[in-house]
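Atoms within a ligand are numbered from 1 in the order they appear, just like the ligands themselves. Worth saying up front: this structure is predicted, and the values here are computed from it rather than measured. Note that these values count all heavy atoms, side chains included, but never hydrogens, waters or copies made by symmetry.
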Amino acid sequence: MCFFPPQDTGVGKSSIVWRFVEDSFDPNINPTIGGSAAAIIVYDITKEESFQTLKNWVKELRQHGPPNIVVAIAGNKCDIADAREVLEKDAKDYADSIHAIFVETSAKNAININELFLEIIMLQPFDYDPNEKSKHKFMVQSLMAPDNVTDMEGVWKEAKPEELMDSKLRCVFELPSENEKTHDVDQNKITSTSASKSESSSLFKSASSTLDDSEVKKILEECKRLQAEVQRLRDENKQIKDLGLANHNQELGLANHNPDLGLGQIEGRALAHRKTEIKVEKEKAHQLWNPGPKPEIKVEKEKAHQLWNPGPKPEIKVEKEKAHQLWNPGPKPEIKVEKEKAHQLWNPGPKPEIKVEKEKAHQLWNPGPKPEIKVEKEKAHQLWNPGPKPEIKVEKEKAHQLWNPALPV
Ligand SMILES: Nc1nc2c(ncn2[C@@H]2O[C@H](COP(=O)(O)OP(=O)(O)OP(=O)(O)O)[C@@H](O)[C@H]2O)c(=O)[nH]1
């Protein structure tokens, strides 16, 4: 139905489609291109350059694109508005000037994606054939999917017939009686269906000339309401699914015991049962999150407050003082005495004894003129220099006499 021209890369084209089709966001998405009556031109609000490229694209499209194409401009990544480089007003003014739809979107946070496609759908030429009523009847089959399913196709293939829940869906299009005129509208008139949101009412008139502003507004509001309803039902469905499989099996067990109950009846009962459970769960959850004035918590808070702000903490002060005294016990007199003793021990004054000892030692090693030795020396001298050795002379003479005894005369 619509396509993205090959505009700037990385602006989020694929992510927008993915968000719209699958209602999810894949940060590692691959490029996608569709085809036909509307063009969505996406720029990245955090990249001015992508906005300029977009303008070139619009020119191209106007010159070479299909004549009745609806142009929609999406300013994507509005979830990171902190990094914004393109002002929303500038983009809106530009979109108005070229009669294009304009919305800021976030594929990541699912902002305005449905609105973007809805506006495009609203501006599509609509061929209504009242004779083809069966076209708008559908058979909807649903099935409780087991948890953590990755292969949905496989689940459908392997589903047993008794697990399938069938319901009929009929879409009723209520159009004003003058609507027939729509089919007579010249296609060229529909060409002008490229329009901004603000102009959508007037353009819609060209497709359906009887609808006025308030009616279009009403339809848009109704669409939004229905979307919200769909979302609500989706959430509810998810809750039912979460709760459901076990209960479903349980109820099927019941069917074995009560063969009179049809599958539809059992499922109806199971559904009612699940709904009651969900209601009860919801109420419990509500009570848990809105448990009233939380008196206990208040009391606990006060206790906690007292514990953490227990007033002037007198004991601690006393303890502190004690501790202070312990660590600053005044002039530490004992230590001083000890110090003095120690000082005396290590500096015991002039060390008189040692001096005496020293003197003694000095005396020992320098015992003065060593008088005795002198005497001894003298004695020795006398011993070794015994003077003129008179005796020896005498002795010599004696010896001489002994050896040279005088010859008797
Ligand atoms: N924050 C943020 N990031 C987004 C958003 N949409 C897409 N991205 C990221 O932008 C990058 C490009 O996204 P795509 O969807 O591949 O962009 P594309 O325009 O299809 O890119 P091409 O295929 O290269 O043309 C990816 O990293 C996405 O995760 C968004 O709304 N918000």
- Message: Are Ile98 and Ile73 packed together at the side-chain level, in the sense that at least one heavy-atom pair is separated by less than 4.5 angstrom?
- Response: yes
- Could you verify whether a donor N or O on one side chain and an acceptor N or O on the other, from Asn112 and Thr105, lie under 3.5 Å apart? no
- Message: A side-chain contact here means heavy atoms from C-beta on lying under 4.5 Å apart; do Ile45 and Phe51 qualify?
- Response: no
- Query: Is there at least one pair of N or O atoms, one from Thr105 and one from ligand 1, spaced under 3.5 Å apart?
  - Reply: no
- Message: As a check for students: among Asn76, Ile111, Asp79, identify the option with a heavy atom nearest to atom 32 (N) of ligand 1.
- Response: Asp79
- Query: Do Asp44 side-chain atoms and Gly75 backbone N/O form a donor-acceptor pair below 3.5 Å?
  - Reply: no
- Using a strict 4.0 Å cut-off to heavy atoms of Ile80, name the atoms of ligand 1 that fall inside it. 1 (N)
